[in-house]
Structures are given as structure tokens and as C-alpha cells.
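In what follows, residues are counted from 1 in the order of the sequence shown. Atoms within each ligand, like the ligands themselves, are counted from 1 in listed order. For the numbers below, each heavy atom of this structure counts, side chains included, while hydrogens, waters and symmetry mates do not.
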Amino acid sequence: MTERFSPKIIPIIDRRNAAAPTAPSRIFPEGLLLDTRNRALRDLRISVTDRCNFRCSYCMPKEVFDNHYSYLPHTDLLTFEEITRIARQFVAHGVQKIRLTGGEPLLRKNIERLVEQLAGLRTVEGKPLDLTLTTNGSLLARKASALKAAGLQRVTVSLDAMNDAVFRAMNDVDFPVSEVLAGIEAAHAAGLGPIKVNMVVKRSVNEHEILPMVRHFKGSGIVLRLIEYMDVGASNGWRMADVLPSAEVIARIQTEHPLVALAAASPGETAQRWGFADASGVHDAQAGEIGVISSVTQAFCGDCNRARLSTEGQLYLCLFANFGHDLRSLVRGPASDADLASAIGHIWHGRTDRYSELRASQKADSGNHNNHKRRVEMSYIGG
Ligand code: SAM
Ligand code: SF4
Ligand code: SF4
């Protein structure tokens, strides 16, 4: 097995840290799974590529992800059939939502074929999955109809500013806002909704873009979600000083658009929902809502129901985990589907992860979290 090291900083994965799944013992039959903190497994995020055509400084900074960076060779990537086989076992264990991510998922060749295979899966209750995809939007105008035809239900598009110069600087490949907006428009026309837009807020970089983004999407039927800049990975040079807490984001929006808190739409939802209020302080459904994702300032590990499958088939139980469980060795070995289901059950059953909660309880150290342990990159594990 080869180790791939970036000449600059990080290996994509260090298999010395990879836990080989223990021999599947079939003690966990298919059915609803709970981890050690009684959290059900409901949501599977699948990274389909570690490559991206953007170089967002908070995710794949150019200095690290340069021409010398070693991406995964194609043979290391799970095939669509392998992904679907693994996903089927997750669905049998209670997963109801699958999100394709990356890297940039629309860069994976024939991604609509994978969508088609996953769209054929049914939940334990016999219902179609909530099948979605997170994209930077650059290829969406071209692919939206094919994705819809393949069975994708909706998309989340990332966009960090309305101002073209600010956005071009943040994606660091000079990509214009207008093309992302054209992608969103195409997704809307194809019926890939409800559409969400993710904006990562970085203090002093795009905080002045919060209100223009809110103004643009208010009343459009599209839900803007403002995300705290996270200390994920080891290459973005994260500092607490660059985080604009969601509470401050909400306070700023309230100066122009009164908001009312809304109840969570589903258990384990990452975003706190806020509705635009009318003159009498009641939620105006026409104006819509926004969400804030406070991963840094308000831990939501208590009901975290998400598992992440990396591009090469490592199962991660937390965005901040520093090791994965090697499911690819099972799907490429003699393991039966029952063995695979049993291994997944075993791994989830032993899950203890609650990184954000622990970070919150260690405030003294909160400026320095990127230093104490090596973690996987967001582009490898997906958001
Ligand atoms: N390339 C796609 C995109 O940008 O939508 C999908 C993958 S990207 C890793 C998934 C999400 O993670 C995006 O919305 C992105 O903005 C977010 N993200 C990446 N790095 C982040 C960070 N350090 N803090 C908060 N969100 C981050
Ligand atoms: Fe690429 Fe998405 Fe990361 Fe930006 S956030 S570099 S678009 S993977
Ligand atoms: Fe889930 Fe880990 Fe995030 Fe907590 S820190 S909410 S366990 S992904």
C-alpha cells in the first residue's frame, strides 16, 4: 500500500491511523442503529472525488493544493457500484438521506449514473431517499437537467459573496458569481429544489457580504445558510479570530430584516432556522427563511446522525475524526453484504465522537485546535 504525501504539509490519509474493521460478527443485524450516545444513523455523506476546480482558501488553499499535490489515483476511488453497494447497507440500517459531495462532485465523470443507482434505493420504510448534492455550482448549468432526470431531488450550492471581486478572490481561481447564479437558475428550472445556498463567513474577508447575500435570496424560495468558518482539516491555517459567530451574524441581519426563530425541520438538523418576520413579527412564509450553522460556537453533537464515506471508502464518524474505518477492503474482499452490514453496525455502535462539544468545553485552547492532531481535509471527506 502506498503512502501519498504532499510535499508541503499533509498526507491525504495515513493508513497507520486507519482502523481496519474488526471481523464482522453479525451481532448487529440490519435495523435501526444507535451509537454509544444513543444517536441514530440517518444521514450518509459520500465524497466522490478529492479534486476541485476551486481553491477556496478555507478548504483547499492554493499553497497546499498546488501542482505537486498528490490526489488519489483513480483505482483508489470507490466505483459507483461499490458506493451503491455500501450505501445500500447504510440505508438498511436506517439512513434516509444521502448527500454527494467532495471535492467538487460534478467533476466526477458520469456522476449522473451514480445518482441513478442511488435513486433506486428505498428506505427501511420503503420510501425514496432524500438524495441531494453539494456543489460549487460551476458545472451546474450544464448538468442540472441530467441530474434531475437521473433522480437527484435537490442541490445545495456554495456561494460566498454577491460581489464579484470578493467571490473571485475567495474561490482563488477567478470564477465569476454570474456563472454560479446561472447554475442555481438552471437547478431551479430543472426542479432540483428546495435549493439551499451555503455561505462560509470569514471575518474581514466576506462579512460585509452577509447583507447583500440576504437581500439577494430573500423571497426567492432559496434558503441561504451562513456557516461559521470551521477548523476542519489541517491546511487552512484556521484561527478563532477569523470566525464570525452566528449570533453576531443574526444580529447584523436583524438590523435590516427582523427575524423569528423557527423550529428544526428534522432531528439532527445542522442549521438553526430563522424566518423573515412581517410587520407584526410573525414569520412571513413568502419572504422565506435563512439558516445559521454554528459548528464552532454552538456544538450540535448531541443529535449528530451523520456518517461520512470518503472518496476511497474510509468511513468517518465525525468531520473532525483523524482516522477512518476501511470499508473498501471489505467491498474489494470476500465479504458478503451481510458482513458489510454487520461491520457498519459494529462501527456505528461503538461511536463516541463529539468533537465540537469537547472543543466548546476546552475554551482556553480554542484558538489552537488545528495544531494538536492531524485531521482529514474537508475536500477528502466532504462537508
Ligand atoms: N465543492 C463543493 C462545494 O463547495 O459546495 C462540495 C464540497 S465542500 C467541502 C462542502 C461545503 O463545505 C461547502 O459548502 C463549503 O463551503 C464548506 N466548507 C469547506 N471548508 C469549510 C470550512 N473550513 N468551514 C466551513 N465550511 C467549509
Ligand atoms: Fe472546492 Fe468546495 Fe472546497 Fe471550495 S469548498 S475548494 S469548491 S471543495
Ligand atoms: Fe457530528 Fe463531529 Fe460535528 Fe459533533 S463535531 S456535530 S460529532 S460531525
Side-chain angles (χ1 to χ4, degrees), residues 35-37 39 41-43 45-62 64-65 99-108 132-140 155-161 167 170-173 175 180 183-184 196-202 205-206 224-239 242-244 246 268-271 293-296 298-308 310-311 316-322 351-360 369-370 375-383:
D35 70 7
T36 59
R37 308 182 73 79
R39 296 171 297 188
L41 171 60
R42 289 294 190 196
D43 182 330
R45 299 181 178 204
I46 303 174
S47 175
V48 294
T49 178
D50 59 337
R51 291 166 195 262
C52 187
N53 53 345
F54 283 14
R55 287 292 174 276
C56 308
S57 59
Y58 52 73
C59 178
M60 295 181 76
K62 239 178 195 164
V64 177
F65 295 87
R99 176 179 297 280
L100 298 179
T101 178
E104 174 45 44
L106 298 187
L107 286 181
R108 180 85 186 251
T132 180
L133 176 148
T134 304
T135 172
N136 62 26
S138 58
L139 300 169
L140 197 51
V155 287
T156 297
V157 182
S158 301
L159 178 64
D160 295 327
F167 182 60
M170 284 186 82
N171 63 55
D172 214 7
V173 293
F175 198 85
V180 179
I184 293 174
K196 291 178 183 159
V197 167
N198 279 355
M199 171 185 186
V200 175
V201 181
K202 229 180 142 179
V205 175
N206 64 339
L224 174 66
R225 304 191 316 166
L226 302 109
I227 305 177
E228 285 178 353
Y229 169 43
M230 278 188 282
D231 49 335
V232 66
S235 64
N236 63 10
W238 183 89
R239 298 176 314 152
D242 295 328
V243 178
L244 188 69
S246 292
E269 191 175 40
T270 49
I293 301 183
S294 322
S295 334
V296 178
Q298 275 177 295
F300 41 77
C301 304
D303 52 7
C304 177
N305 54 16
R306 296 174 290 283
R308 293 175 162 86
S310 80
T311 316
Y316 286 84
L317 302 178
C318 175
L319 192 51
F320 300 92
N322 44 35
R351 178 181 187 242
T352 57
D353 301 69
R354 54 187 191 108
Y355 172 79
S356 289
E357 272 182 11
L358 294 174
R359 173 184 48 204
H369 264 96
N370 255 345
R375 306 204 194 102
V376 285
E377 294 298 325
M378 190 76 138
S379 51
Y380 168 80
I381 197 178

By number and element, which atoms of ligand 1 are closer than 4.0 Å to a non-hydrogen atom of Tyr229?
->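 Once the distances to Tyr229 are compared, the set is 23 (N), 24 (N).
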Should Cys59 be counted as touching ligand 1, given the test is an N or O pair under 3.5 Å?
->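 No; the residue has no nitrogen or oxygen that sits under 3.5 Å from a nitrogen or oxygen of the ligand.
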Donor-acceptor pair between Tyr355 and Asp231 side chains, under 3.5 angstrom =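 Tyr355 vs Asp231: donor-acceptor pair found between side chains.
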Cys52 and ligand 2 - part of the residue with a heavy-atom distance under 4.0 Å =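 Contact part for Cys52 vs ligand 2: side chain (C-beta onward).
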State whether a side-chain donor-acceptor pair under 3.5 Å links Asn198 with Thr156.
->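 Not at all, the side chains of Asn198 and Thr156 share no donor-acceptor pair under 3.5 Å.
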Gly102 heavy atoms, cut-off 4.0 Å: which ligand 1 atoms fall inside?
->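 Those of ligand 1 that fall under 4.0 Å from Gly102 are 7 (C), 9 (C).
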Please answer whether the main-chain N or O of Val201 pairs with a side-chain N or O of Glu228 as donor and acceptor at a distance below 3.5 Å.
->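 Such a contact is absent between Glu228 side chain and Val201 backbone.
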Within less than 4.0 angstrom of ligand 1, does Glu228 place any heavy atom?
->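 Checking ligand 1 against Glu228, which is what was asked, there is a heavy-atom contact under 4.0 Å.
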Which residues share a side chain to side chain contact (heavy atoms under 4.5 Å, CB included) with Asp172, sequence neighbours left out =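 With neighbours one apart ignored, the set is Arg55, Lys62.
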Taking non-hydrogen atoms only, is Asp231 closer than 4.0 angstrom to ligand 1 via side chain, backbone, both or neither?
->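 Near ligand 1, Asp231 shows nothing, with every heavy atom at 4.0 Å or more.
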Is Cys56 near ligand 1, meaning one of its heavy atoms is under 4.0 Å from it?
->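 No, Cys56 has no heavy atoms under 4.0 Å from ligand 1.
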State the atoms of ligand 1, each with its element, that fall below the 4.0 Å cut-off from a heavy-atom position in Thr101.
->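 So the atoms of ligand 1 that pass are 6 (C), 7 (C).
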Taking the six-membered ring of Phe300 as reference, does the NZ or CZ atom of Arg354 fall below 6.0 Å from its centre and within a 45° cone about the axis?
->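 Checked: cation-pi criterion not met.
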Under 3.5 Å, is there a donor-acceptor pair between the Arg39 and Asn305 side chains?
->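 No, Asn305 and Arg39 have no side-chain donor paired with an acceptor closer than 3.5 Å.
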Quick one: which ligand 3 atoms are inside 4.0 Å of a heavy atom on Ser356?
->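 In order of numbering, the contacting atoms are 5 (S).
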Checking only N/O/S atoms, does Cys301 have one that is under 2.8 Å from atom 2 (Fe) of ligand 3?
->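 Checking atom 2 (Fe) of ligand 3 against Cys301, no N, O or S atom falls under 2.8 Å.
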Compare every heavy atom of Met378 with every heavy atom of Leu319, then report the nearest pair and how far apart it is.
->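 In this case the closest contact between Leu319 and Met378 is CD1-SD, 3.8 Å.
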Below 4.0 Å from any atom of ligand 3, is there a heavy atom belonging to Arg308?
->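 Arg308 counts as a contact of ligand 3 under the 4.0 Å cut-off.
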Is there a nitrogen or oxygen of Asn198 sitting under 3.5 Å from a nitrogen or oxygen of ligand 1?
->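 Yes; at least one N/O pair falls below 3.5 Å.
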Does any donor atom in the side chain of Asp160 or Tyr58 lie under 3.5 Å from an acceptor atom in the other side chain?
->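 Indeed, the side chains of Asp160 and Tyr58 share at least one donor-acceptor pair under 3.5 Å.
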Examine Cys56 and say whether one of its N/O/S atoms is closer to atom 3 (Fe) of ligand 2 than 2.8 Å.
->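 For Cys56, the answer is no, given that no N, O or S atom comes within less than 2.8 Å of atom 3 (Fe) of ligand 2.
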Kindly say whether Gly102 contributes a backbone atom to a donor-acceptor pair with the side chain of Thr49 at under 3.5 angstrom?
->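 Answer holds: no.
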Enumerate the atoms of ligand 3 whose separation from the nearest heavy atom of Phe320 is less than 4.0 angstrom.
->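 Numbered from 1, ligand 3 contributes 5 (S).
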Would you check whether Gly102 reaches within less than 4.0 Å of ligand 2, judged by its heavy atoms?
->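 For ligand 2, residue contact (heavy atoms, under 4.0 Å) with Gly102 is absent.
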Can you list the ligand 1 atoms lying under 4.0 Å from a non-hydrogen atom of Asn136?
->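 Within the 4.0 Å cut-off of Asn136, ligand 1 contributes 2 (C), 3 (C), 5 (O).
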Give yes or no for whether the N/O distance cutoff of 3.5 Å, strictly under, is met between Glu104 and ligand 1.
->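 By distance alone, the answer is yes.
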Electrostatic pair Asp43-Arg306, nearest N-O below 4.0 angstrom |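 Arg306 and Asp43: not salt-bridged.
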For ligand 3, does Arg306 get within less than 4.0 Å through its side chain, its backbone, both, or neither, judged by non-hydrogen atoms?
->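 Side chain only.
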Without hydrogens or angle criteria, can the side chains of Arg308 and Ser47 be said to hold a donor-acceptor pair below 3.5 Å?
->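 Not at all, the side chains of Arg308 and Ser47 share no donor-acceptor pair under 3.5 Å.
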Check: Met230 N/O within less than 3.5 Å of ligand 1 N/O |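 Yes; the residue has a nitrogen or oxygen that sits under 3.5 Å from a nitrogen or oxygen of the ligand.
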What atoms of ligand 1 come closer than 4.0 angstrom to any heavy atom of Gly103?
->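 In order of number, 1 (N), 2 (C), 6 (C), 7 (C).
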